[in-house]
Amino acid sequence: MYRYDHYDQQIVDERVAQFRDQTRRYLAGELSEDEYRPLRLQNGVYIQRHAPMLRVAIPYGLLSSRQLRKLAHIARTYDKGYGHFTTRQNIQFNWPALEHVPEILAELATVQMHAIQTSGNCIRNITSDPFAGVAGDEQIDPRPWCEVLRQWSTFHPEFAYLPRKFKIAVNGALEDRAVIRAHDIGLELRRDAGGEIGFRVLVGGGLGRTPIIGEEVAEFVPWQHILSYCEAVLRVYNRHGRRDNLYKARIKILVKSMGIAAFRAEVEAEWAHLKDGPATLTAAEVARVATHFVDPARDSLPAVDAGFERHQAGNKAFAAWVSRNVRAHKQAGYAIVALSTKHKAVAPGDATAEQMEHVADWADEYSLGELRVTHEQNLVLADVRQSDLFALWEKARAAGLATPNIGLVTDIIACPGGDFCNLANAKSIPIANAIQARFDDLDYLHDIGDIEINISGCMNACGHHHVGHIGILGVDKNGQEFYQVTIGGSQGNDTTLGKVIGPSFSAADMPEVIERLIATYITERHADERFLDTVRRIGAEPFKRSVYADRLTPKRVANA
Amino acid sequence: MPELIQNGQIVQDDWTFVTLADDQTAASVELPPGRLVVPLTVWFARRDELAGRPDATLGVWLAPDDDPAEIARDLSHFAVIAVHFPKFADGRGYSIATLLRTRFGYRGELRAFGDVLRDQFNYLVRCGFDALQPADGRYSREQLQAAVASIGDFSQPYQHSAAVASPLFQRTERGATV
């Protein structure tokens with residue numbers, strides 16, 4: 001992974017000093033609440049329901065074991081002993097004291113980490129494929145490009161006070177695992193006819209209260225020009241994006257109001273001035289960054305390890321875990337392992353300091369000292385020998401990180417919701433846990449197969465509910481919490497937005513609602529059909545009939 | 001007399017800013033003698049009159065939704081161009097400054113005024129502002145003195161910008177580890 005040079009370190013250290021002084025002036029009354037707010041947000045600090053929340057950046061989801069140990073240390077020293085991995089591959093601490101934040105940032109800087117631009121109306125953490133560099137379907141490794149973009153976007157002086165937040169995701173594989181169609185800018189690495197690398201550029205995607213799938217603004221931007229092209233997009237947005245209404249300020253609203261053709265023309269006109277200017281990337285710089293992401297020396301191993309086969313045959317629980325949590329690696333004899341944070345007793349994405357330290361140890365022992373965070377809020381060890389899988393599984397099981405449920409009903413994506421977040425209309429975590437508790441029969445879970453349930457506690461959609469096969473959105477009616485359900489959403493190459501099935505439900509009804517949706521699928525499915533496929537084939541009606549049949553008493557709410 | 005920071009030094013402001021009250025129009029507002037910074041509408045309405053003033057006594061100020069391209073051919077008339085920040089979180093002024101410096105080649109004083117705070121000084125200067133004028137009374141003399149240091153918050157930024165000719169990877173030899 002990328003290692004800081006002297007300049008990277010200096011920039012992060014200078015940021016710590018800057019924020020320390022800003023926080024001092026705020027606490028001394030020299031900075032008003034309004035003046036301090038964007039400063040703390042651009043350092044990841046929210047004021048939440050109980051305490052400040054600190055969101056630490058995990059650039060494109062990559063972590064070293066040393067960094068994870070530091071996160072564990074921070075969880076233990078400054079928080080209540082755990083952290084929450086987010087849907088944008090970051091980690092949040094829910095209980096630090098504001099006065100301690102500069103110190104936490106100083107500690108992070110010692111392991112080349114920071115909380116820069118993890119919130120605020122600026123360019124946020126760049127996200128990408130959690131399987132970058134190890135997936136068999138990868139065409140071009142996105143990580144060097146993510147790092148180049150990270151540096152370009154860090155403290156970009158022109159784009160620190162945009163109309164609204166701005167999210168960029170990069171994908172370099174056949175399958176889009178970075179949800180690039182739901183980002184302000186989605187970048188898809190590709191090659192032109194001559195084999196040169198460049199980017200297909202999507203713009204104006206996003207979830208939130210007006211979910212929109214991104215549209216293509218450029219079919220191919222050669223790699224040398226990707227920064228100037230992004231600058232052109234950002235400048236058009238910075239100058240013309242709406243600033244009068246918070247809810248209409250994202251670039252997707254600008255793109256929709258102008259139309260993609262007019263927006264493209266505006267960007268092209270701007271780019272004509274910037275192209276070939278100082279932002280033009282050089283082969284030397286890209287090569288410098290790319291040296292941090294070369295394939296490690298892996299052993300030449302047989303495609304299938306005999307011991308691994310034996311363990312699968314002899315141990316049903318291990319086999320179940322392998323079938324869900326282990327993916328093929330591009331190199332024979334290696335595997336990609338997902339450690340599930342999803343369990344009925346914990347919030348999706350939560351990990352304790354002890355668990356983090358365990359994972360750091362396993363990363364060192366089995367996976368080249370590195371790991372990844374997925375936007376599904378799980379952790380990934382990306383370079384594990386097949387022959388090590390059984391030992392790793394036994395350890396993970398003992399640490400509560402081996403739930404064999406990746407991609408199943410209980411692998412729920414959820415935002416922190418009303419338990420923590422000021423914006424939330426309703427709680428998310430108890431809903432996730434209630435559904436997980438309802439579906440605790442492992443055989444049934446595996447029989448149901450691939451399904452994605454996403455929960456957001458409000459329409460800001462941090463839990464990506466629009467693109468869940470089943471999406472659950474918390475809504476508020478006269479101070480009471482209700483849940484609106486959508487089906488048929490999906491992420492990836494065929495990103496689609498789910499459709500609302502009808503009136504909302506109380507929290508107590510939710511496990512039953514999900515059970516009926518699933519039961520309908522089980523009844524109607526064809527062989528080899530996922531839940532999503534069945535919904536697409538037969539439509540929403542049979543599902544609605546089942547859910548609204550009898551004893552559930554739906555409560556219609558204002559925006560249901 | 002209000003104070004501002006000009007090229008890193010605290011100086012007294014000797015320019016008079018013209019703003020239009022609700023009952024005033026660009027055509028009729030009284031323009032006193034001396035060094036004058038007028039709104040864009042006044043420049044458009046009374047260009048001939050203003051262009052005839054003594055050298056180095058005329059400036060123009062832009063609101064966030066003004067288009068700097070509209071004065072691209074007039075730049076030689078202005079000793080000062082000021083960009084108004086009605087709220088510091090309105091970032092349009094950064095693009096206006098960048099365009100004036102990098103696209104239209106403006107070399108005179110470029111001043112940020114309004115809700116201008118020390119915590120944005122570094123970004124403002126990198127985007128080409130060489131004069132920073134916080135709202136009158138926002139900072140004590142002592143605080144303003146201390147605020148000058150914020151201009152240098154980041155000594156080696158990654159990006160090129162109006163005031164930084166090339167990106168870090170062009171300016172320096174990168175890769176030396178910590």
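Letters A, B, ... mirror the listed sequences (proteins, then strands); counts begin at 1.
- Contacts between B:Q170 and chain A at a heavy-atom distance below 4.5 Å involve the side chain alone, from C-beta outward.
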Inset, instruction - Please test A:Y7 against B:R174 for side chain to side chain contact (heavy atoms under 4.5 Å, CB included), starting from the C-alpha separation and ending with a verdict. - result: CA-CA 8 Å; A:Y7 294 104; B:R174 295 214 54 189; 4.2 Å; yes
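- Between chain A and the options B:Q156, B:R103, B:R126, the largest number of non-hydrogen pairs under 4.5 Å is found for B:R103.
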Inset, instruction - Before giving the answer on side chain to side chain contact (heavy atoms under 4.5 Å, CB included), spell out for B:H160 and A:L227 the whole-Å C-alpha distance, their side-chain angles and the decisive distance to 0.1 Å. - result: CA-CA 11 Å; B:H160 82 96; A:L227 298 184; over 6 Å; no
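- For B:A97, no part lies under 4.5 angstrom from a heavy atom of chain A.
- The choice from B:F88, B:F154, B:Y94 that makes the most heavy-atom pairs within less than 4.5 Å of chain A is B:F154.
- Summarising the local packing, CD of B:Q9 is surrounded by 12 or fewer heavy atoms from other residues, nucleotides or ligands at distances under 6.0 Å.
- Proximity of a side-chain donor or acceptor of B:Q159 to a complementary backbone N or O of A:W152 within less than 3.5 Å is detected.
- No donor-acceptor pair closer than 3.5 Å links the side chain of B:D119 to the backbone N or O of A:L39.
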Inset, instruction - Could you walk me through whether B:Y158 and A:F155 pass side chain to side chain contact (heavy atoms under 4.5 Å, CB included), step by step? - result: CA-CA 8 Å; B:Y158 284 121; A:F155 309 142; 5.8 Å; no
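- Interface with chain B: from residues 26-37 of chain A, residues A:E30, A:L31, A:D34, A:E35 qualify, criterion being any non-hydrogen pair under 4.5 Å.
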Inset, instruction - Show the numbers, then the answer: is there a side chain to side chain contact (heavy atoms under 4.5 Å, CB included) between A:E231 and B:T98? - result: CA-CA 12 Å; A:E231 279 184 1; B:T98 300; over 6 Å; no
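- With a 4.5 angstrom heavy-atom cutoff, B:L124 does not touch chain A via any of its atoms.
- Both the backbone and the side chain of B:D90 have a heavy atom closer than 4.5 Å to some heavy atom of chain A.
- Neither the backbone nor the side chain of A:Y237 comes within less than 4.5 Å of any heavy atom in chain B.
- For the pair A:N238 and B:S95, the tightest heavy-atom approach, listed with the atom from each and the gap, is ND2-OG, 2.9 Å.
- Taken to the nearest 0.5 Å, the NE2 atom of A:H273 stands 8.5 Å off from the CG atom of B:L99.
- Between chain B and the residues A:R15, A:H240, A:R25, the largest count of heavy-atom pairs under 4.5 Å involves A:R25.
- Counting heavy atoms of neighbouring residues, nucleotides and ligands inside a 6.0 Å radius, atom CG of B:D55 does not exceed 12 of them.
- When each of B:P167, B:S166, B:A89 is scored by its heavy-atom pairs under 4.5 Å with chain A, the top score falls to B:A89.
- In this structure, chain B has no heavy atom under 4.5 Å from any part of A:R3.
- Interface summary for chain B: among A:Q18, A:R243, A:Q22, A:R239, the most heavy-atom pairs under 4.5 angstrom belong to A:R243.
- Residue A:T291 does not touch chain B at all, counting heavy-atom pairs closer than 4.5 Å.
- Legend: residues meeting side-chain contact (heavy atoms from CB on, under 4.5 Å) with A:K167, ordered by chain and number and at least two apart, are A:R88, A:R124, A:K165, A:H183, A:D184, A:R250.
- For B:N122, no part lies near chain A; criterion is any non-hydrogen pair under 4.5 Å.
- By the 6.0 Å contact criterion, CD on B:E49 is enclosed, its count of non-hydrogen atoms from other residues, nucleotides or ligands being greater than 12.
- No side-chain heavy atom of B:L168 sits less than 4.5 Å from a side-chain heavy atom of A:E285.
- B:S155 and A:Q10 form a side-chain donor-acceptor contact under 3.5 Å, judged by distance and modelled atom types alone.
- At a cut-off of 3.5 Å, with distance as the only test, a side-chain donor of A:Y161 or B:Q120 sits close to an acceptor on the other residue.
- In this structure, the portion of B:S161 lying under 4.5 Å from any heavy atom of chain A is its side chain and not its backbone.
- Proximity of B:F169 to A:L281: side-chain heavy atoms (C-beta onward) are separated by under 4.5 Å at one or more points.
- Looking only at heavy-atom pairs under 4.5 Å with chain A, the residue among B:S150, B:P157, B:C127 that has the most is B:C127.
- The minimum heavy-atom distance between B:R118 and A:D21, with the atom names listed, is NH2-OD2, 3.6 Å.
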